[in-house]
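See below for the structure under consideration.
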Amino acid sequence: METHDGSDRNVSPSDRDVAKWMSHAFHAARQALRSGEVPVGCLLVHQDQVVASGRNQVNESKNATRHAEMVALDQFLDWCRQGDRPVGEACARTVLYVTVEPCVMCAAALRLLRVPVVVFGCRNERFGGCCSVLDISSADLQQSGSGFQCLSGHRAEEAVQMLKTFYKQENPNAPKPRTRKDCT
């Protein structure tokens with residue numbers, strides 16, 4: 001597993017924790033795949049307790065922002081509100097586990113909320129925000145939260161295989177192709 005540290009905070013999970021929680025994230029990714037979604041699953045673990053989980057819901061909701069991480073972050077914020085927990089304090093003790101490297105949008109949200117550690121499976125060469133395309137996790141971005149530590153590569157091949165399975169099948173939720181009008 002590769003480590004990229006964009007943070008001074010130390011909430012690093014043990015190898016045992018990574019194996020345990022990534023297993024749950026992969027379960028959520030398999031649920032996404034069965035639902036016709038890009039197979040990405042994640043969870044937020046606060047002091048050894050799952051407090052939020054998510055899987056992609058983009059096709060179901062017809063909302064391009066419903067990535068697994070955003071779904072889980074919404075649940076996490078609800079958990080904070082319901083328990084009258086300060087979001088900043090809760091985030092400082094929370095690790096996000098996700099099967100695929102967070103995209104730029106999700107990495108930015110994690111940075112703004114100051115989640116200190118993100119563990120992910122495979123890299124996202126097209127949209128990755130944790131080094132593959134942009135390095136949101138450790139870039140010097142003034143007034144945009146704190147950088148975070150990335151631990152990558154856990155069960156990466158399995159994550160890649162799930163993505164390949166999704167992209168080989170026909171997407172039943174894809175919009176119907178339209179004939180383009182000639183504008184000349």
Side-chain angles (χ1 to χ4, degrees), residues 1-34 37-58 67-73 76 91-141 145-169:
M1 199 167 356
E2 271 182 66
T3 302
H4 176 157
D5 192 359
S7 159
D8 297 333
R9 297 168 286 173
N10 186 12
V11 185
S12 293
S14 68
D15 289 344
R16 184 171 170 255
D17 288 339
V18 170
K20 176 171 95 175
W21 299 123
M22 285 298 283
S23 177
H24 291 277
F26 274 92
H27 176 73
R30 283 189 292 279
Q31 288 178 323
L33 182 60
R34 284 191 296 274
E37 297 284 348
V38 176
V40 178
C42 77
L43 55 135
L44 286 153
V45 176
H46 176 79
Q47 298 181 322
D48 206 38
Q49 175 189 357
V50 175
V51 295
S53 63
R55 63 172 181 77
N56 273 8
Q57 296 177 352
V58 171
H67 292 194
E69 299 93 333
M70 301 304 268
V71 171
L73 286 172
F76 179 80
C91 281
R93 294 180 190 89
T94 300
V95 177
L96 180 116
Y97 296 87
V98 63
T99 57
V100 178
E101 175 184 4
C103 71
V104 172
M105 172 185 71
C106 293
L110 294 165
R111 183 180 174 108
L112 285 169
L113 287 170
R114 301 179 193 276
V115 172
V117 179
V118 173
V119 178
F120 64 89
C122 68
R123 295 210 172 268
N124 181 344
E125 299 298 333
R126 292 183 68 198
F127 306 109
C130 298
C131 281
S132 292
V133 176
L134 290 176
D135 189 6
I136 303 296
S137 61
S138 67
D140 183 19
L141 303 170
S146 299
F148 52 88
Q149 179 183 24
C150 293
L151 304 172
S152 66
H154 185 74
R155 294 169 64 172
E157 282 304 313
E158 183 179 353
V160 168
Q161 287 306 314
M162 290 175 73
L163 290 168
K164 285 180 178 179
T165 298
F166 174 79
Y167 287 111
K168 283 180 188 174
Q169 67 191 12

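Partners of D48 according to the salt bridge (charged side-chain N to carboxylate O under 4.0 Å, His left out) rule, which considers only residues two or more places apart in sequence or in another chain, are K20. The side chain to side chain contact (heavy atoms under 4.5 Å, CB included) check on R30 picks up F26, H27, R34, R155, E158, M162, with sequence neighbours excluded.
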Give the C-alpha distance, both sets of side-chain angles, the deciding distance and a yes or no for side chain to side chain contact (heavy atoms under 4.5 Å, CB included) between V117 and L151.
CA-CA 8 Å; V117 179; L151 304 172; 4.2 Å; yes
Going through the checks in order, is the side chain to side chain contact (heavy atoms under 4.5 Å, CB included) test met by V51 and F76?
CA-CA 6 Å; V51 295; F76 179 80; 3.6 Å; yes
Begin from the C-alpha positions of H67 and V58 and carry the test side chain to side chain contact (heavy atoms under 4.5 Å, CB included) through to its verdict.
CA-CA 6 Å; H67 292 194; V58 171; 3.8 Å; yes
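Taking each heavy atom of A72 and A52 in turn, the nearest pair found is O-CB, 3.2 Å. Among all heavy-atom pairs drawn from C122 and V160, the shortest one is CB-CG2, 3.6 Å. The two atoms that bring M22 and V98 nearest to each other are CE-O, 3.4 Å, heavy atoms only. Pairing each heavy atom of V115 with each of F148, the nearest pair is O-CB, 3.0 Å. Closest heavy-atom contact between A32 and P39: CB-CA, 4.1 Å.
Put simply, CD on Q149 and OG on S137 are 10.0 Å apart, with the number rounded to the nearest 0.5 Å. To the nearest 0.5 Å, the span separating NE2 on H24 from OG on S53 amounts to 10.0 Å. Atom CG of residue L96 and atom CZ of residue F120 lie 11.0 Å apart, to the nearest 0.5 angstrom. One finds the CD atom of E37 at 6.0 Å from the CZ atom of R55 (value rounded to the nearest 0.5 Å). One distance of note links SG of C131 with CG of N124; it measures 12.5 Å at 0.5 Å rounding. The SG atom of C91 lies 10.0 Å from the CZ atom of R114; values are rounded to the nearest 0.5 Å.
Distance alone, capped at 3.5 Å, is enough to place a donor-acceptor pair between the R111 side chain and the A139 backbone. E69 places no side-chain N or O within donor-acceptor distance of the main-chain N or O of A107, the cut-off being under 3.5 Å. The backbone N or O of C130 lies less than 3.5 Å from no partner atom in the side chain of D135, so there is not a single donor-acceptor pair. Side chain of T165 to main chain of Q161: a donor-acceptor pair is present (N/O by atom type, distance under 3.5 Å, no hydrogens or angles).
Listed by first and then second residue, the side-chain hydrogen bond (donor to acceptor under 3.5 Å, both in side chains) pairs that reach into residues 91-109 are H46-T94, E101-S132, sequence neighbours excluded.
Looking at P116, C150, P102 one by one, the single match for side-chain contact (heavy atoms from CB on, under 4.5 Å) with L110 turns out to be P102.
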